[in-house]
Amino acid sequence: MAKIVAGIGSSHVPSFGPAYDGRKFEDPDWKPLFDGYVPVREWLRDTVRPDVAVVVYNDHGSDFSLDRVPTFAIGVRDIYEQADEGFGTRPLPPVKGDADLSWHIAKAVIYDEFDLTVCQEMKVDHGMMAPLPLLFSHDPDWAVRVVPIVVNVIQHPLPTARRCFRLGQAIGRAVASYPEDLKVVVVGTGGMSHQLHGERFGHLSETFDRRWLDLIARDPEELCRMTHEEIMAAAGAESVELIMWLVMRGALAGGAVERKHLNYYAPMTTGMGLISLAAA
Amino acid sequence: MDEKKDGPQAGLSDWGIPGTYIFDHTRSRVGFELNKLAYSLTDPQNREAFKKDEEAYMARYGLTEAQKDAIRRRDWLALTKHHGGNIYYIYKLGAATGSGLYHMGAQMRGETYEQFLETRGAKGAR
Ligand SMILES: [Fe+2]
């Protein structure tokens, strides 16, 4: 049977892209970010050894438009190309999917009353591509297959924090009912504190981010009780995408978790957080 | 003044967070054509067409005069505050007109780019 073995919470800041592609690993302003990912990448590669990553992210007006906005969607293909976000794409191979597992999750979760939009053609943007190469090797090809889960965190009304957590629980049940022996890691992306518009552009809150990093492991119920307004007022309007970490946490909720890694750095306009949780 | 044509749209929500314009139905309705134009710039051919003749390109979309004018002025604050622009879409307009996110942000804060960078902890990480 398939099993969820670990969860990762990670920011997906677009500037990770050019910094990574430009190999700024030793640049003093970037080193605190990249150094945080090294032990997590090694732990995933050497200890966790996942076959599949369920990656929870949002599209930023790159492939989905405002014509139709699914609250929750799932990709069900064997390959996902990168979206062009307005300045071309990055030198990375296309993301490998797992259509069989994706369709299984779609079916199980929909019968579990989470009505996902099922996508047979979908391009992925920095929501997925910013953290993916920091977590998994891609040379010559990606070390994991990916099941993309897309959440609307752009156009309000957004799903509630608790709804995200419950979706994660349903994904956890869906994975556990898959007959193939697969090790699955769930990655919740986004945040942390940031605001990218209005006179409040650049708002950060390390206090909020540290609290989130603590509670996501220890007491996700407290995060589930947070309203969008509370999160946006404390940590910036665009920080509300942190609710996607609760999908990851919900998927691990069946058992105890152990926090393995934690990194935090806020050099510019976004709190860059990273946490890893092992399923006990 | 005909607000719909000339000024900021009426009826935009206020969520009570200063300097913050939450992208809800009030803005998404008003900004639908504006964000659609910005979204179209994910296609390199459209980017070329836009750069070649902005006015002709804007005419393809049902923008208000005020929205067109805010694009002409590269007024990122007005686009997100008054005209229903969502930052993730408007960002593509910035890219096509040579303004990166931090330049856009500095302007929205009412600062120069250099002044804005001085407020950051490690400004090389950009
Ligand atoms: Fe995001």
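Just so we're on the same page: letters track the sequence lines, and every chain starts at 1.
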Part of A:Ala19 lying under 4.5 Å from any heavy atom of chain B: neither
Quick one: does A:Leu66's side chain get under 4.5 Å of B:Tyr39's, heavy atoms only? no
Cut-off 4.5 Å, heavy atoms of chain B, and the answer for A:Gln195 is side chain
So which bits of residues 108-116 of chain B come within less than 4.5 Å of chain A, counting non-hydrogen atoms only? B:Met108, B:Arg109, B:Phe116
Validation row: B:Ile87, A:Glu238 side chains within 4.5 angstrom (heavy atoms): yes
Measure A:Phe16 against the heavy atoms of chain B and call it side chain, backbone, both or neither at under 4.5 Å. neither
Between B:Tyr21 and chain A, which part of the residue has a heavy atom less than 4.5 Å away: side chain, backbone, both or neither? both
Chain A contact via B:Arg126 - side chain, backbone, both or neither, heavy atoms under 4.5 Å: both
Quick check on the structure: residues of residues 90-99 of chain B within a heavy-atom distance below 4.5 Å of chain A, by number. B:Tyr91, B:Lys92, B:Ala95
Residues of residues 71-81 of chain B under 4.5 Å from chain A (heavy atom pairs)? B:Leu77, B:Thr80, B:Lys81
Under 4.0 Å between a Lys/Arg side-chain N and an Asp/Glu carboxylate O for B:Lys36 and A:Asp67? yes
Any residue of residues 75-87 of chain A which, by heavy atoms, sits under 4.5 Å from chain B: A:Asp84, A:Glu85, A:Gly86, A:Phe87
A:Ile154 versus chain B, heavy atoms under 4.5 Å apart: side chain, backbone, both or neither? both
